[in-house]
Amino acid sequence: MKLAEIIDMLDAELIVGTPDQLQIDIKTAFGADLMSDVLCDARSGCLLITGLTTPQGVRIAYALDIAGIVFCRGKRPQPQSIEIARELGIPLLRTQYIMFETCGRLFGEGIIGCIREICAGDSFREI
Amino acid sequence: MKSESEFVGNVSIVGHGFEYAGRVSNEIKKILLEQGIPEGIVRRVAVVIFEVEVNIISYAETGFIRYQVLPDSIIIEAKDKGQGIADIELAQQEGYSTADDKIREMGFGAGMGLANIKKFSDVFEINSEVGKGTYVKSIINIDKKRS
Ligand SMILES: Nc1ncnc2c1ncn2[C@@H]1O[C@H](COP(=O)(O)OP(=O)(O)O)[C@@H](O)[C@H]1O
Ligand SMILES: [Mg+2]
């Protein structure tokens with residue numbers, strides 16, 4: 001699903017993003033407020049859904065080649081996060097929907113988890 | 001054997017506040033991408049540096065990160081001056097953390113950092129002395145066939 005379509009579906013505000021980036025095709029996503037979890041388990045190309053608005057989310061997105069960040073339940077990214085996202089080229093969206101609703105809407109449109117589940121012994125099932 | 005792709009970089013972190021966490025990782029990632037290092041390798045390096053950087057900012061007073069790009073591998077070393085780690089085995093256990101509330105508020109302190117560094121590294125080494133500081137080394141092989 002194109003980022004532009006995701007913006008429509010989530011009634012989202014595009015805070016940072018270029019016209020080119022609206023054409024990015026999103027296939028997978030990861031949702032978490034815990035940045036430690038994002039660093040462990042998010043995968044490149046996924047969309048990050050989070051309520052944490054600090055610059056570290058944006059920095060992690062760049063480190064992991066995450067396609068973009070959706071801030072849910074109306075959370076506003078900190079001004080510094082916006083500045084860094086512009087500099088690093090990370091699209092930022094903001095939706096009023098709560099995290100569950102945001103994820104559910106995306107899943108309903110065929111976007112799946114960037115990994116399926118965490119298995120015993122630190123392994124995980126890739127999609 | 002020396003090749004043109006070989007180079008060394010040093011970044012020091014001196015009493016940085018948490019708001020800077022991840023900046024060193026981002027800067028080094030940019031440099032490595034400019035050097036044409038494969039994306040998948042750079043991603044692993046970026047995660048390892050992110051984790052050591054957050055640890056230096058969280059638990060040490062000052063520290064530096066050194067990275068060495070060799071033809072077949074990238075070596076990352078993080079050395080800090082600080083409280084050190086009393087029980088290295090315990091610190092490496094998933095979920096073990098001494099992070100304070102401030103760190104947790106920022107979304108860190110899940111006790112997964114060292115385990116994550118290990119997961120993303122081909123070689124992982126950690127030494128620490130209480131009251132002196134901590135040394136972490138990670139080697140990531142550049143597998144030209146895979147990446
Ligand atoms: N550079 C360091 N200096 C002192 N203690 C450290 C350092 N790095 C890690 N530790 C200790 O090891 C624990 C586990 O670290 P880590 O696996 O990165 O998880 P977290 O940072 O989320 O606690 C930390 O909570 C801390 O007690
Ligand atoms: Mg840590």
Side-chain angles (χ1 to χ4, degrees), chain A residues 16 28 30-46 48-67 69 71-73 75 77-90 99 114-115 118-126, chain B residues 16-33 37-55 57-58 76 92-97 99 102-121 124 140 147:
Chain A
V16 176
T28 60
F30 188 86
D33 283 352
L34 201 56
M35 291 299 119
S36 295
D37 285 355
V38 181
L39 263 175
C40 285
D41 294 318
R43 292 289 179 272
S44 68
C46 79
L48 173 63
I49 299 123
T50 187
L52 203 84
T53 58
T54 58
Q56 276 65 50
V58 179
R59 295 209 179 278
I60 289 174
Y62 181 73
L64 286 171
D65 301 304
I66 286 171
I69 304 177
F71 297 101
C72 53
R73 67 179 299 277
K75 297 256 179 141
Q78 294 175 6
Q80 227 201 329
S81 307
I82 295 174
E83 203 179 296
I84 294 167
R86 285 213 182 93
E87 178 202 320
L88 297 175
I90 309 288
M99 188 185 276
C114 63
I115 59 173
I118 308 296
C119 305
D122 195 32
S123 63
F124 45 81
R125 197 146 67 89
E126 295 281 0
Chain B
H16 272 178
F18 212 92
E19 60 273 25
Y20 293 106
R23 197 171 63 164
V24 171
S25 164
N26 287 172
E27 291 306 319
I28 296 175
K29 174 163 180 159
K30 273 186 218 159
I31 294 168
L32 296 182
L33 286 176
I37 314 282
E39 249 181 55
I41 300 296
V42 176
R43 198 150 53 226
R44 288 168 63 192
V45 173
V47 170
V48 167
I49 295 178
F50 214 111
E51 295 283 10
V52 290
E53 194 184 345
V54 168
N55 283 353
I57 291 174
S58 303
I76 300 146
Q92 289 179 69
Q93 271 177 29
E94 287 185 21
Y96 175 82
S97 177
K102 182 159 186 295
I103 295 167
R104 288 173 201 272
E105 261 168 40
M106 307 289 280
F108 293 90
M112 301 295 291
L114 295 173
N116 205 27
I117 296 171
K118 217 186 279 181
K119 194 174 81 186
F120 279 85
S121 304
F124 171 77
I140 293 170
S147 46

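Note that the structure is a prediction, hence the values are computed from the model and not measured.
Atoms OG and CD, from A:Ser81 and B:Glu19 in turn, are 11.5 Å apart once rounded to the nearest 0.5 Å. Here the CZ-CD distance, from B:Arg23 to A:Gln56, works out to 11.0 Å after rounding to the nearest 0.5 Å. Considering CZ of B:Arg43 and CG of A:Asp65, their distance stands at 5.0 Å, rounded to 0.5 Å. With rounding to the nearest 0.5 angstrom, the CD atom of B:Glu51 is 4.5 Å from the CG atom of A:Leu39. The structure places CE of B:Met112 at 8.5 Å from OG of A:Ser36, a figure rounded to the nearest 0.5 Å. Expressed to the nearest 0.5 Å, how far CD1 of A:Ile60 lies from CG of B:Asn26 amounts to 9.5 Å.
Heavy-atom minimum distance, A:Ala63 versus B:Ser25: CB-OG, 4.1 Å.
The contact between B:Leu33 and chain A is made entirely by side chain atoms (from C-beta outward), counting heavy-atom distances below 4.5 Å. Heavy atoms of A:Leu34 lying under 4.5 Å from chain B belong to its backbone as well as its side chain. A:Leu88 touches chain B through its side chain: at least one heavy atom from C-beta onward sits under 4.5 Å away, while N, CA, C and O do not. Only the backbone of A:Asp33 comes within contact range of chain B, with at least one heavy atom under 4.5 Å from a heavy atom of that chain. Interface residue A:Gln80: only side-chain heavy atoms are found under 4.5 Å from chain B. Heavy-atom distances place the side chain of B:Phe120, and not its backbone, under 4.5 Å from chain A.
Salt-bridge annotation for B:Glu27 and A:Arg59: absent, with no side-chain N of the basic residue lying under 4.0 Å from a carboxylate O of the acidic one.
Among B:Gly111, B:Gly107, B:Ala21, the residue making the largest number of heavy-atom pairs under 4.5 Å with chain A is B:Gly107.
Atom CZ of B:Arg104 has more than 12 neighbouring heavy atoms from other residues, nucleotides or ligands inside a 6.0 Å radius.
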